[in-house]
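One structure below.
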Amino acid sequence: MQSITSFTDNRITTLSITPVIRRKGLASKQFNDYWKDIHGPVCARLPYLGVYIQHHMQKANPDLFPAIAGIERVVDTSNDWDGFAEIGFFSNAALEQWLPHTTILFDDERNVFDTTVAYYCDNSSRTLKDQQQSLVTNYSDGRKFFYYFISPADTVSLKEADDFFLETFVKTFADNEQISRVRYHILAPHDNTKPNPPAPDVNHYLAPEKQHRYVLEICAGNVAAVKQLYHTAAFEQLTTEMAACFKAVHVFESAGRYTMAYDGQITNAGLRGATNDALIETIGAINQTREDVRNLLLHG
């Protein structure tokens with residue numbers, strides 16, 4: 001397994017997680033295509049990015065988490081996300097240098113999103129495990145991706161909930177051989193006092209009681225492998241503590257994971273759009289991936 005210290009993920013110090021809901025009137029395919037083929041390359045071309053990944057998701061599925069008394073599994077329509085953007089930087093200075101270039105990006109959000117809600121998680125994201133050497137994906141790398149959006153219970157302190165999430169809950173997934181990737185984010189509360197991100201004609205409000213505190217990204221070979229984990233003794237013995245520390249666990253299955261920028265470099269999916277990148281790979285047109293061609297497209 002690749003050492004976790006070598007992951008680009010873990011060199012990102014300043015990161016935002018922005019869940020999104022697609023614009024009313026857009027079919028699911030229109031939404032996915034526009035986001036990954038038109039909006040995504042605009043963002044990917046902006047300077048100072050460390051990482052930009054689009055996580056497209058199916059609607060939340062309560063059957064992807066066991067029924068535990070006191071834990072809500074059915075998501076409210078206000079945060080039944082269609083995906084989220086993961087945008088990271090190697091320093092806060094890089095973020096500050098990036099922001100003046102973003103008007104062109106945020107002006108485009110109205111074409112594809114009804115709601116975008118930016119959370120920040122500086123120095124509180126971590127990849128604990130990944131059995132794949134490459135983390136650059138265009139739709140998938142052959143594995144199934146799942147995302148757990150979790151809200152802490154109101155009856156325990158945030159420190160108690162954070163400690164349980166980090167030291168016990170996440171570790172149970174990382175210790176399971178059927179789970180090949182484990183990455184988590186601890187989110188600061190979303191700021192409703194100003195548009196965040198500052199995209200016009202897009203809703204950015206999310207009631208505090210509907211906000212999530214944790215996002216857990218995992219990979220497995222299939223849904224059965226995830227459900228088998230729930231029947232292990234290691235997981236079942238957490239039931240009481242889960243009910244005490246979590247009030248909601250909403251699980252989403254991936255509908256496509258698209259790496260648009262990675263390790264400070266624009267990917268071919270970010271440069272051309274994910275659909276064109278996939279077509280180039282399918283045909284085997286490796287000349288289209290040469291640096292001289294990339295430089296022509298980037299710089300003219």
Side-chain angles (χ1 to χ4, degrees), residues 1 4 9 17 19 55-76 79-84 86 121 124-132 135 137 140-156 158 160-187 210-257:
M1 184 190 306
I4 63 170
D9 299 14
I17 297 293
H55 302 268
H56 296 221
M57 303 189 304
Q58 302 176 32
K59 288 297 188 180
N61 182 354
D63 291 336
L64 291 175
F65 196 75
I68 298 172
I71 297 181
E72 171 193 283
R73 296 181 300 158
V74 178
V75 72
D76 185 81
N79 56 6
D80 193 3
W81 309 114
D82 291 298
F84 68 95
E86 178 179 350
C121 38
S124 58
S125 297
R126 190 82 176 155
T127 297
L128 296 181
K129 173 182 182 179
D130 202 313
Q131 294 176 1
Q132 297 278 40
L135 302 179
T137 54
S140 174
D141 61 6
R143 299 176 291 178
K144 290 278 189 181
F145 288 78
F146 302 88
Y147 306 98
Y148 295 66
F149 281 68
I150 301 171
S151 300
D154 301 321
T155 51
V156 297
L158 204 54
E160 287 177 286
D162 286 356
D163 288 348
F164 171 71
F165 174 77
L166 282 174
E167 297 170 11
T168 305
F169 185 75
V170 170
K171 187 175 183 298
T172 302
F173 287 84
D175 288 346
N176 188 280
E177 292 183 355
Q178 298 298 312
I179 306 302
S180 62
R181 174 173 168 83
V182 176
R183 176 164 171 76
Y184 70 80
H185 311 280
I186 299 180
L187 313 177
K210 298 298 182 183
Q211 294 185 23
H212 295 101
R213 169 70 172 169
Y214 316 110
V215 177
L216 175 65
E217 174 191 349
I218 69 165
C219 285
N222 49 47
V223 174
V226 177
K227 291 190 173 183
Q228 285 166 5
L229 179 148
Y230 300 148
H231 293 287
T232 62
F235 189 88
E236 289 179 340
Q237 69 184 13
L238 303 182
T239 300
T240 300
E241 205 167 357
M242 273 191 282
C245 292
F246 297 159
K247 72 177 180 182
V249 178
H250 302 134
V251 185
F252 301 77
E253 185 175 346
S254 176
R257 183 183 188 278

**OP:** Determine, stepwise, if the pair D154 / K247 fulfils side-chain contact (heavy atoms from CB on, under 4.5 Å).
**Re:** CA-CA 7 Å; D154 301 321; K247 72 177 180 182; 3.6 Å; yes

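- Atom OG1 of T232 sits about 4.5 Å away from atom CG of L229, to the nearest 0.5 Å.
- Each side-chain hydrogen bond (donor to acceptor under 3.5 Å, both in side chains) pair with one or both residues in residues 214-230, not counting sequence neighbours, appears once here: Y148-Y230, D162-Y214, R181-E217, E217-R257.
- When the salt bridge (charged side-chain N to carboxylate O under 4.0 Å, His left out) test is applied to D63, no partner is found at least two apart in sequence or on another chain.
- Minimum heavy-atom separation, A244 to V156: O-CG1, 3.3 Å.
- H212 is linked by a side-chain hydrogen bond (donor to acceptor under 3.5 Å, both in side chains) to H250, counting only residues two or more places apart in sequence or in another chain.
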**OP:** For I71 and M242, run side-chain contact (heavy atoms from CB on, under 4.5 Å): C-alpha distance rounded to whole Å, both residues' side-chain angles, the deciding distance at 0.1 Å, then the answer.
**Re:** CA-CA 8 Å; I71 297 181; M242 273 191 282; 4.0 Å; yes

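- Between F65 and F235, the angle of the ring planes goes over 60°, which puts this pair in the perpendicular group of the 30/60° scheme.
- Partners of D80 by salt bridge (charged side-chain N to carboxylate O under 4.0 Å, His left out), not counting sequence neighbours: none found.
- Nearest heavy atoms, P66 versus R73: O-CD, 3.4 Å.
- Rounded to the nearest 0.5 angstrom, F246 CZ and S151 OG are separated by 10.0 Å.
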Original post:
Could you walk me through whether V215 and Y184 pass the side-chain contact (heavy atoms from CB on, under 4.5 Å) check?
Top reply: CA-CA 6 Å; V215 177; Y184 70 80; over 6 Å; no

**OP:** I would like to know whether Y147 and W81 meet side-chain contact (heavy atoms from CB on, under 4.5 Å); could you show each step before the answer?
**Re:** CA-CA 11 Å; Y147 306 98; W81 309 114; over 6 Å; no

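- Enclosure of atom CD in E177 is not indicated, since only 12 or fewer non-hydrogen atoms of other residues, nucleotides or ligands lie within 6.0 angstrom.
- Under the 4.5 Å side-chain criterion, counting only non-hydrogen atoms from C-beta, V251 is not in contact with N61.
- In this structure, T240 has no side-chain contact (heavy atoms from CB on, under 4.5 Å) partners at least two apart in sequence or on a different chain.
- Side-chain contact between L166 and I186 is present, with at least one heavy-atom pair separated by less than 4.5 Å.
- To the nearest 0.5 Å, atoms CZ (F252) and CG (L64) are separated by 10.5 Å.
- What you find for K129 and A174 is that their closest heavy atoms are NZ-O, 2.9 Å.
- S140 places no side-chain N or O within donor-acceptor distance of the main-chain N or O of G256, the cut-off being under 3.5 Å.
- The shortest distance between side-chain heavy atoms of L187 and C121 falls below 4.5 Å.
- Residue-environment remark: NZ (K171) stays at or below the threshold of 12 foreign heavy atoms within 6.0 Å.
- Counting all heavy atoms, side chain and backbone alike, A243 lies closest to I68 at CB-CG2, 4.1 Å.
- Exactly one of Q131, K144, R143 qualifies for a side chain to side chain donor-acceptor pair (under 3.5 Å) with S180. That residue is R143.
- Remark: the backbone N or O of T127 is not paired with any side-chain donor or acceptor of D9 at under 3.5 angstrom.
- The nearest pair of heavy atoms linking E236 to T239 is O-OG1, 2.9 Å.
- Taking CG of L238 as the start and OG1 of T172 as the end, the distance is 4.5 Å to the nearest 0.5 Å.
- The two residues I179 and A220 come nearest to each other via the heavy atoms CD1-CB, 4.1 Å.
- In this structure, the separation between CG on D82 and NE2 on H55 is 15.0 Å, given to the nearest 0.5 Å.
- Legend: residues meeting salt bridge (charged side-chain N to carboxylate O under 4.0 Å, His left out) with E160, ordered by chain and number and at least two apart, are absent.
- The pair D130-R183 fails the salt-bridge criterion, with no side-chain N (NZ, NE, NH1 or NH2) lying under 4.0 Å from an Asp/Glu carboxylate O.
- A distance of 10.5 Å separates CZ of F149 from CG of L216, quoted to the nearest 0.5 Å.
- The side-chain heavy atoms of P19 and N79, taken from C-beta on, include no pair separated by under 4.5 Å.
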